[in-house]
Amino acid sequence: MQINVTQLLKEPIGSRHSYHIDENIGANDIKSIKGDVTLTRTKSGIMVKCEITALVAGICSRCLKPIDCEVSYSFEEESLPSITISEDLSLHGQFDNLTIDESQTLDLTEAIQQYALLTMPVKPLCHPDCAGICPSCGQDLNKYPCQCPSRSHDQRWSKLISLGKESKT
Ligand SMILES: [Zn+2]
Ligand SMILES: [Zn+2]
């Protein structure tokens with residue numbers, strides 16, 4: 001996800017270039033990334049707009065099975081050249097997430113990966129109806145029900161209820 005922007009930086013404000021991304025990553029739990037990137041020349045740099053669908057490796061929060069999570073997200077950030085032509089150096093550093101280096105290459109890898117991990121659900125599920133693991137015997141209840149007395153579930157609830165009482169006082 002490195003784009004040479006030499007040409008775009010020479011173009012007038014408002015010029016626009018679009019790119020299609022389809023890459024296998026295999027790093028930081030991110031398996032693949034697909035989507036569209038639009039770069040628009042702004043006064044001081046380039047506005048980057050990404051619309052991405054990523055496949056991220058995760059673990060089902062109920063049965064702990066490894067799963068692939070598909071996450072879709074879009075973001076927009078301005079990127080400034082690391083060598084600024086403008087005298088206003090105070091602007092520099094605000095957008096250090098997305099910088100254009102000396103060879104005028106814009107590297108989107110970091111930003112796209114960070115947003116993918118941020119968009120990951122906190123509790124991913126292998127299936128919306130995943131039955132999870134029995135808290136008493138560890139049986140994967142998606143395969144077959146365990147023999148534990150259902151009483152164990154009641155105990156869990158009573159614990160929660162007493163916790164609720166404690167937090168109120
Ligand atoms: Zn599951
Ligand atoms: Zn059980």
Side-chain angles (χ1 to χ4, degrees), residues 1-5 16-40 45-80 93-101 105-169:
M1 273 158 292
Q2 292 186 336
I3 299 173
N4 188 287
V5 291
R16 199 170 279 197
H17 289 198
S18 293
Y19 303 85
H20 185 70
I21 298 179
D22 192 345
E23 283 186 30
N24 288 321
I25 309 283
N28 300 329
D29 290 340
I30 298 166
K31 297 192 164 180
S32 66
I33 275 171
K34 264 186 200 176
D36 293 298
V37 176
T38 308
L39 305 183
T40 308
I46 289 171
M47 183 58 87
V48 180
K49 197 178 168 202
C50 295
E51 285 185 36
I52 305 290
T53 300
L55 211 57
V56 186
I59 287 176
C60 173
S61 62
R62 285 191 202 150
C63 71
L64 309 180
K65 198 165 76 179
I67 48 169
D68 290 342
C69 295
E70 195 181 86
V71 291
S72 295
Y73 53 96
S74 58
F75 65 91
E76 221 175 302
E77 267 185 48
E78 190 172 26
S79 171
L80 301 176
Q94 281 183 27
F95 306 100
D96 52 358
N97 200 13
L98 276 180
T99 46
I100 301 164
D101 68 10
T105 302
L106 174 66
D107 192 355
L108 295 172
T109 315
E110 188 77 18
I112 287 181
Q113 292 189 0
Q114 274 179 14
Y115 277 96
L117 297 175
L118 281 175
T119 319
M120 263 296 271
V122 183
K123 291 187 171 179
L125 294 175
C126 61
H127 187 270
D129 298 326
C130 174
I133 290 174
C134 170
S136 305
C137 70
Q139 167 64 38
D140 182 349
L141 301 174
N142 292 307
K143 288 178 186 152
Y144 50 88
C146 66
Q147 299 305 314
C148 294
S150 58
R151 190 160 40 90
S152 62
H153 297 288
D154 297 335
Q155 277 172 2
R156 279 202 301 159
W157 282 115
S158 65
K159 257 185 203 166
L160 281 175
I161 290 161
S162 62
L163 273 175
K165 274 179 194 158
E166 274 169 27
S167 62
K168 266 177 208 161
T169 52

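We count ligands from 1, going down the list as the structure has it; atoms in each ligand are counted the same way.
Panel note: side chain N24, backbone S32; no donor-acceptor pair is recorded below 3.5 Å.
Atom-to-atom distance recorded for I30:CD1 and L117:CG is 4.5 Å, nearest 0.5 angstrom. Atoms SG and CG, on C50 and L108 in that order, are 5.0 Å from each other to the nearest 0.5 Å.
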From CA spacing to verdict: side-chain contact (heavy atoms from CB on, under 4.5 Å), Q114, F75: CA-CA 11 Å; Q114 274 179 14; F75 65 91; over 6 Å; no
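Contact between S72 and T53 at its shortest, heavy atoms only, is OG-OG1, 3.3 Å.
Rounded to 10°, the angle that SG of C137 and SG of C134 form at the Zn ion (ligand 2) is 110°.
Protein N/O/S atoms closer than 2.8 Å to the Zn ion (ligand 1), listed by chain and residue number, are C60 SG, C63 SG, C126 SG, C130 SG.
No side-chain heavy atom of Y115 sits less than 4.5 Å from a side-chain heavy atom of I52.
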